Amino acid sequence: MAADGEAWYPGESVIGIRTSASTGLFATLIVLASSAVALPSELTGRASILDGDTLEIHGTRVRLWGIDAPESTQLCRGSDSNLYRCGAKAASDLDAFIARRPVNCEPVSHDQYGRTVAKCFVSRIDLGEWLVRNGLALDWPQYSRGQYGAAQHAAEHAGRGIWAGSYVAPWLYRACIRLGGRPASCSDGSNAHP
């Protein structure tokens with residue numbers, strides 16, 4: 001027995017154990033670093049819009065940083081209480097705003113689906129902020145740390161986009177769909193909280 005009451009085995013030293021643990025940690029870090037995909041310093045070109053917060057440039061899928069737009073199948077209610085495809089509208093309005101102009105993206109990271117997460121601009125206008133300011137997407141503070149909070153407040157105050165009626169936060173809509181919900185029922189606020 002060791003002096004502190006813990007079992008001690010011949011040939012084993014506390015220093016050896018610590019060295020093994022730190023060697024294992026070091027080896028793990030090397031494996032993780034070597035398996036990481038390098039981010040390009042910049043990505044510029046004509047964008048194809050995949051949905052309200054995802055585009056593709058030169059075959060690279062890019063998820064806009066710090067925001068979350070309604071999904072393409074998601075429904076919202078307009079000021080007239082009628083349902084409309086708010087996710088499809090976000091994608092369509094983004095496509096019209098870009099109008100085939102070159103998009104410049106500054107990669108930040110990769111997401112769990114392998115997409116490049118980036119801040120993207122058209123003529124120096126931040127596409128994430130533009131979407132949020134026009135009520136086509138929400139600031140996602142978990143990632144943006146509130147960078148688009150003022151733009152969201154302005155959209156809400158003016159009743160633009162999804163703020164004109166009612167909607168379900170896109171992250172709640174996706175959770176409802178993952179649990180087997182249907183687009184119409186998951187777009188209803190009373191059903192979207194799984």
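Fair warning: this is a prediction, and the values are worked out from it, not measured in the lab.
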Cys105 vs Ile57, side-chain contact (heavy atoms from CB on, under 4.5 Å): CA-CA, chis, key distance, verdict
CA-CA 9 Å; Cys105 296; Ile57 300 174; 3.7 Å; yes

Can you tell me how far apart CG (Leu43) and NE2 (His58) are? Round to the nearest 0.5 Å.
6.5 Å

Is there a path from Trp65 to Ile98 through hydrophobic residues (I, L, V, M, F, W, Y) whose side chains come within less than 4.5 Å of each other?
yes

Option from Asp68, Leu138, Ile67 for which side-chain contact (heavy atoms from CB on, under 4.5 Å) with Leu131 holds:
Ile67

Ser144 side chain vs Gly146 backbone, donor-acceptor pair below 3.5 Å:
yes

Rounded to the nearest 0.5 Å, what separation is found between the CD1 atom of Ile162 and the NZ atom of Lys89?
12.0 Å

Okay, side chain of Asn134, backbone of Leu136: is any donor-acceptor separation there less than 3.5 Å?
no

Side chain to side chain donor-acceptor pair (under 3.5 Å) between Tyr167 and Ser187, intermediate numbers included:
CA-CA 7 Å; Tyr167 68 91; Ser187 295; over 6 Å; no

With the 4.5 Å side-chain cut-off for hydrophobic clustering, are Leu172 and Leu83 part of the same group?
no

If I compare all heavy atoms of Pro70 with all of Ala137, which pair ends up nearest, and what's the gap?
CD-CA, 4.4 Å

Salt-bridged, Lys119 to Glu106, with N to O below 4.0 Å?
no

Counting C-beta onward and ignoring hydrogens, is there a side-chain heavy-atom pair between Pro170 and Gln74 closer than 4.5 Å?
yes

Without swapping roles, check the side chain of Glu71 against the backbone of Gly52 for a donor-acceptor pair under 3.5 Å.
no

Can you list everything that forms a side chain to side chain contact (heavy atoms under 4.5 Å, CB included) with Ala154? Sequence neighbours excluded, please.
Arg133, Arg160

Go through the steps to decide whether Val103 and Leu127 satisfy the test side-chain contact (heavy atoms from CB on, under 4.5 Å), and finish with yes or no.
CA-CA 9 Å; Val103 176; Leu127 294 179; 4.1 Å; yes

Are Val108 and Trp130 in one and the same hydrophobic cluster, where Ile, Leu, Val, Met, Phe, Trp and Tyr link if side-chain heavy atoms are under 4.5 Å apart?
yes

Could you tell me whether the side chain of Glu156 and the main chain of His153 form a donor-acceptor pair under 3.5 Å?
no

Dump the intermediate steps for side-chain contact (heavy atoms from CB on, under 4.5 Å) on Val117 and Leu64, then the final yes or no.
CA-CA 6 Å; Val117 177; Leu64 296 175; over 6 Å; no

Side chains of Gln152 and Trp163: closer than 4.5 Å at any heavy-atom pair?
yes

Looking only at atom types and distance, does a side-chain atom of Glu56 sit under 3.5 Å from a main-chain N or O of Ser48, one as donor and one as acceptor?
no

Ion pair present between Asp53 and Arg115, side-chain N to carboxylate O less than 4.0 angstrom?
no

Go through the structure and list residues passing side chain to side chain donor-acceptor pair (under 3.5 Å) with Ser72, not counting sequence neighbours.
none

side-chain contact (heavy atoms from CB on, under 4.5 Å) for Thr116 and His110? Distances and angles first, verdict last.
CA-CA 5 Å; Thr116 297; His110 284 102; 3.7 Å; yes

Is the positively charged end of Arg101 above the ring of Phe97, judged by distance under 6.0 angstrom from the centroid and angle within 45° of the axis?
yes

Are Val62 and Thr60 close enough that some pair of their side-chain heavy atoms sits under 4.5 Å apart?
yes

Thinking salt bridges, do Asp95 and Arg100 make one under a 4.0 Å N-O criterion?
no

Following the transitive rule for hydrophobic clusters with a side-chain heavy-atom cut-off under 4.5 Å over Ile, Leu, Val, Met, Phe, Trp and Tyr, establish whether Val132 and Val122 coincide in one cluster.
yes

